[in-house]
Amino acid sequence: MSWFLKFVTSSVGRKFVTGLTGLFLVSFLIVHLTGNFSLFRADNGEAFNVYSHFMGHNPLIRVMEIGLVLGFGIHIFTAIYLQLENKKSRPIGYDKVDASANSSLFSRTMFLSGSVILFFLMVHLTNFFVPHRVTGKDVVDGTAVVNATKLDGSALLASDGQPIKDMYISVATAFKNPIYVAIYLLGLILLAFHLNHGFQSAFQTFGLNNKKYFPLIRFIGLILSIALPAGFASMPIYFYFILG
Amino acid sequence: MNFTLRVWRQKNGNDSGKFVTYQIQNISADTSFLEMLDILNEELIAKGEEPVAFDHDCREGICGSCSLYINGRPHGPKQLVTTCQTYMRSFGEGETITIEPWRAKPFKVLKDLIVDRSALDRIIQAGGYISVNSGSAPEANSIAIPKPIAEASMDAAACIGCGACVAACKNASAMLFVAAKVSHLGLLPQGQPEAKERVVSMIAQMDAEGFGSCTNTYACEAECPKGISVTNIARLNREFISANLFS
Ligand code: HEM
Ligand code: FES
């Protein structure tokens with residue numbers, strides 16, 4: 001196993017792990033966003049509630065959830081390690097730096113954008129995960145988590161007859177609060193920053209930079225860095241400004 | 001032309017150092033940056049002051065001796081040139097020019113603007129060579145090398161080892177330097193027998209010297225006086241990953 005430790009603790013190996021977990025998190029974002037679009041169904045949240053019940057109870061998804069926690073954990077750990085080590089490499093800084101002449105703002109602010117995403121993640125988990133899986137009490141307005149109903153008012157049940165919790169109402173409540181809407185939009189703007197550099201950067205880290213197809217990778221990165229945050233942002237915007 | 005110079009002055013490695021401001025007048029626009037510093041030094045010597053120490057040798061952009069972090073950028077404002085090939089016409093009349101030494105943990109300041117770049121030499125010693133038996137020169141055409149491969153290797157070999165990539169990088173990473181050497185040697189058939197060993201040893205030495213790791217800002221490529229491409233860093237990553245995980 002020592003060859004493995006030697007690799008992941010080397011400067012290139014550390015970056016490799018950051019890149020691998022980063023791309024894994026991108027794949028998670030794509031799945032997460034696709035599922036969340038069910039919020040837009042005009043069905044009193046039925047499709048969304050069924051979807052979030054499935055995500056919370058399906059055994060396979062629960063196993064994948066562990067992978068996700070590990071993915072975030074390892075990404076954050078290697079990112080902080082990388083940042084601390086790199087700070088040590090220039091103990092005495094320059095008096096005058098003209099960084100914009102040679103590099104993009106996004107590439108220079110990865111730790112900042114990542115840290116804001118981490119803060120956002122904490123808020124996000126306390127909004128939805130903690131009330132529904134742990135405390136049973138909504139953090140935004142302090143009311144108890146309720147069971148979901150269908151449009152006709154009858155109880156929404158899972159295939160095994162269990163009542164389904166109303167995640168939709170939690171989302172709607174959070175996104176009526178301008179402070180939460182602002183935190184979500186800020187987090188998503190910084191996510192756009194992070195992905196703008198991060199996606200193509202991961203390919204460079206894996207050594208997959210080649211004059212023929214790298215422009216395509218950059219382009220996909222640009223599209224993802226706009227489409228994913230914009231897709232997520234459409235939800236607080238819809239609840240706050242349109243349903244308002 | 002007239003300039004205000006803010007120059008980093010430091011007696012030796014133990015001195016804490018500070019900026020000293022000098023005024024310099026009547027400089028021809030076609031004076032090179034180093035000649036301008038020579039003129040400053042003559043004035044300082046005439047006044048009985050210590051001249052500013054800076055590295056230089058060929059003054060024609062090929063040896064890699066000159067350095068200097070000028071107005072926030074290694075080798076000054078122009079791309080694809082060294083400090084010795086930078087001319088005062090690239091600056092504005094009356095401009096204040098801040099001149100600092102390369103800054104990185106492995107690059108200790110020896111005096112004023114001179115830093116110790118021997119860490120780069122130790123990286124070369126760790127694997128930046130090929131082992132061949134001495135004797136008469138082999139027949140040049142006995143190993144056929146496709147033109148594009150030879151070109152890519154020669155492009156990487158253009159690295160003069162000045163350290164501008166380290167100076168430019170926000171992480172003080174020497175990846176572009178190491179990547180240039182790994183590509184230059186590893187692309188050619190003569191360099192292939194030691195390719196895996198080379199990349200592993202050179203990265204280990206780079207890490208041991210205290211250089212940072214690459215976060216792909218590509219500042220190195222933008223500031224490299226020889227235009228070494230970051231695709232070489234991708235090759236380095238690829239070779240390092242395959243040497244560690246698939247061999
Ligand atoms: C949904 C969440 C996230 C996604 C999709 C994501 C994605 C990525 C990707 C693709 C990379 C590029 C890796 C490479 O260059 O090899 C990256 C790098 C990085 N990430 Fe994240 N990341 C996320 C969250 C975070 C968080 C929470 C932090 C917390 C501190 C963080 C900090 C960093 C840092 C410091 C880097 C390396 C910086 C650099 O290369 O300059 N990221 N991320
Ligand atoms: S002095 Fe030789 S490259 Fe500048």
Side-chain angles (χ1 to χ4, degrees), chain A residues 3-20 78-79 81-111 114 197-212 214 217, chain B residues 6 8 17 19 69-74 77 79 98 100-107 109 166-175 199-200 203-204 206-207 209-223 229-245:
Chain A
W3 61 269
F4 181 74
L5 276 183
K6 226 158 104 186
F7 174 68
V8 294
T9 53
S10 71
S11 59
V12 179
R14 283 200 294 267
K15 267 305 298 262
F16 182 78
V17 177
T18 318
L20 213 58
T78 53
Y81 185 28
L82 194 72
Q83 172 77 3
L84 293 180
E85 286 291 309
N86 283 346
K87 280 276 159 271
K88 277 198 253 163
S89 297
R90 179 166 290 134
I92 303 171
Y94 294 109
D95 185 62
K96 189 172 175 194
V97 182
D98 189 3
S100 60
N102 57 35
S103 51
S104 76
L105 176 71
F106 308 129
S107 74
R108 283 180 271 119
T109 51
M110 287 296 278
F111 189 70
H197 175 73
F199 187 78
Q200 57 80 32
S201 172
F203 286 86
Q204 166 79 359
T205 301
F206 303 154
L208 303 175
N209 179 347
N210 160 306
K211 290 214 162 69
K212 277 188 198 151
F214 206 60
I217 290 174
Chain B
R6 280 179 74 228
W8 182 258
F19 281 100
Y69 200 79
I70 303 165
N71 277 349
R73 298 179 67 184
Q79 292 202 309
T98 302
E100 300 176 69
W102 281 177
R103 295 285 189 196
K105 187 173 155 218
F107 289 173
V109 174
V166 177
C169 177
K170 79 175 178 54
N171 312 317
S173 168
M175 283 286 271
V199 69
V200 171
I203 293 282
M206 178 186 94
D207 291 352
E209 295 289 350
F211 291 103
S213 27
C214 178
T215 61
N216 305 332
T217 68
Y218 311 138
C220 51
E221 178 184 277
E223 299 294 9
S229 161
V230 293
T231 52
N232 290 301
I233 297 184
R235 181 178 296 107
L236 171 73
N237 288 337
R238 205 154 63 225
E239 303 227 327
F240 185 78
I241 292 164
S242 93
N244 274 280
L245 301 186

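Everything quoted here is computed from the prediction, not taken from an experiment. Residue numbering restarts at 1 for every chain, and letters A, B, ... go by the order of the sequence lines.
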Is there a side chain to side chain donor-acceptor pair (under 3.5 Å) between B/S213 and A/N86 once you walk through the steps?
CA-CA 6 Å; B/S213 27; A/N86 283 346; 3.2 Å; yes
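- Interface remark: B/T98 contributes side-chain atoms only to the contact with chain A (heavy atom separation under 4.5 Å).
- In this structure, no portion of A/E85 lies under 4.5 Å from any heavy atom of chain B.
- Between chain B and the residues A/M110, A/Q200, A/K87, the largest count of heavy-atom pairs under 4.5 Å involves A/Q200.
- Residue with the most contacts toward chain A among B/N216, B/V166, B/N237, B/D207: B/N216 (heavy-atom pairs, distance under 4.5 Å).
- If you measure heavy-atom distances from A/F214 to chain B, the contacts under 4.5 Å come from the side chain alone.
- By number of non-hydrogen pairs under 4.5 angstrom with chain A, the leading residue of B/A222, B/C169, B/A219, B/G212 is B/A219.
- When each of B/K105, B/E100, B/Q79 is scored by its heavy-atom pairs under 4.5 Å with chain A, the top score falls to B/E100.
- When each of B/V109, B/V230, B/V200 is scored by its heavy-atom pairs under 4.5 Å with chain A, the top score falls to B/V230.
- A cation-pi contact, defined as under 6.0 Å to the ring centre and within 45° of the axis, links A/R14 to A/Y81.
- Interface summary for chain B: among A/V97, A/L208, A/N210, the most heavy-atom pairs under 4.5 angstrom belong to A/V97.
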Going through the checks in order, is the side chain to side chain contact (heavy atoms under 4.5 Å, CB included) test met by B/I203 and B/M175?
CA-CA 9 Å; B/I203 293 282; B/M175 283 286 271; 4.1 Å; yes
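- A side-chain N or O of B/S229 and one of B/T231 form a donor-acceptor pair less than 3.5 Å apart.
- Interatomic distance, B/R73 CZ to A/K96 NZ, rounded to the nearest 0.5 Å: 11.0 Å.
- With contacts defined as side-chain heavy-atom distances shorter than 4.5 Å, the pair B/I233/B/E221 does not qualify.
- Looking only at distances, no side-chain donor or acceptor of A/N102 sits under 3.5 Å from a matching main-chain atom of B/Y218.
- Residue contact with chain A, scored on non-hydrogen atoms closer than 4.5 Å, is absent for B/A243.
- Neither the backbone nor the side chain of B/P77 has a heavy atom closer than 4.5 Å to any heavy atom of chain A.
- Residues A/F7 and A/F16 bring their aromatic ring centres within 6.0 Å.
- Heavy-atom distances place no part of B/S173 under 4.5 Å from chain A, backbone and side chain included.
- Comparing B/Y69, B/F240, B/F211 by how many heavy-atom pairs each has under 4.5 Å with chain A, the most go to B/Y69.
- Proximity of a side-chain donor or acceptor of A/Y94 to a complementary backbone N or O of B/N71 within less than 3.5 Å is not detected.
- Heavy atoms closer than 4.5 Å to chain B are found in the backbone of A/K88, but not in its side chain.
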For A/K15 and A/T78, what are the C-alpha separation, side-chain angles and deciding distance, and is it a side chain to side chain contact (heavy atoms under 4.5 Å, CB included)?
CA-CA 8 Å; A/K15 267 305 298 262; A/T78 53; over 6 Å; no
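- Heavy-atom distances place the side chain of B/F19, and not its backbone, under 4.5 Å from chain A.
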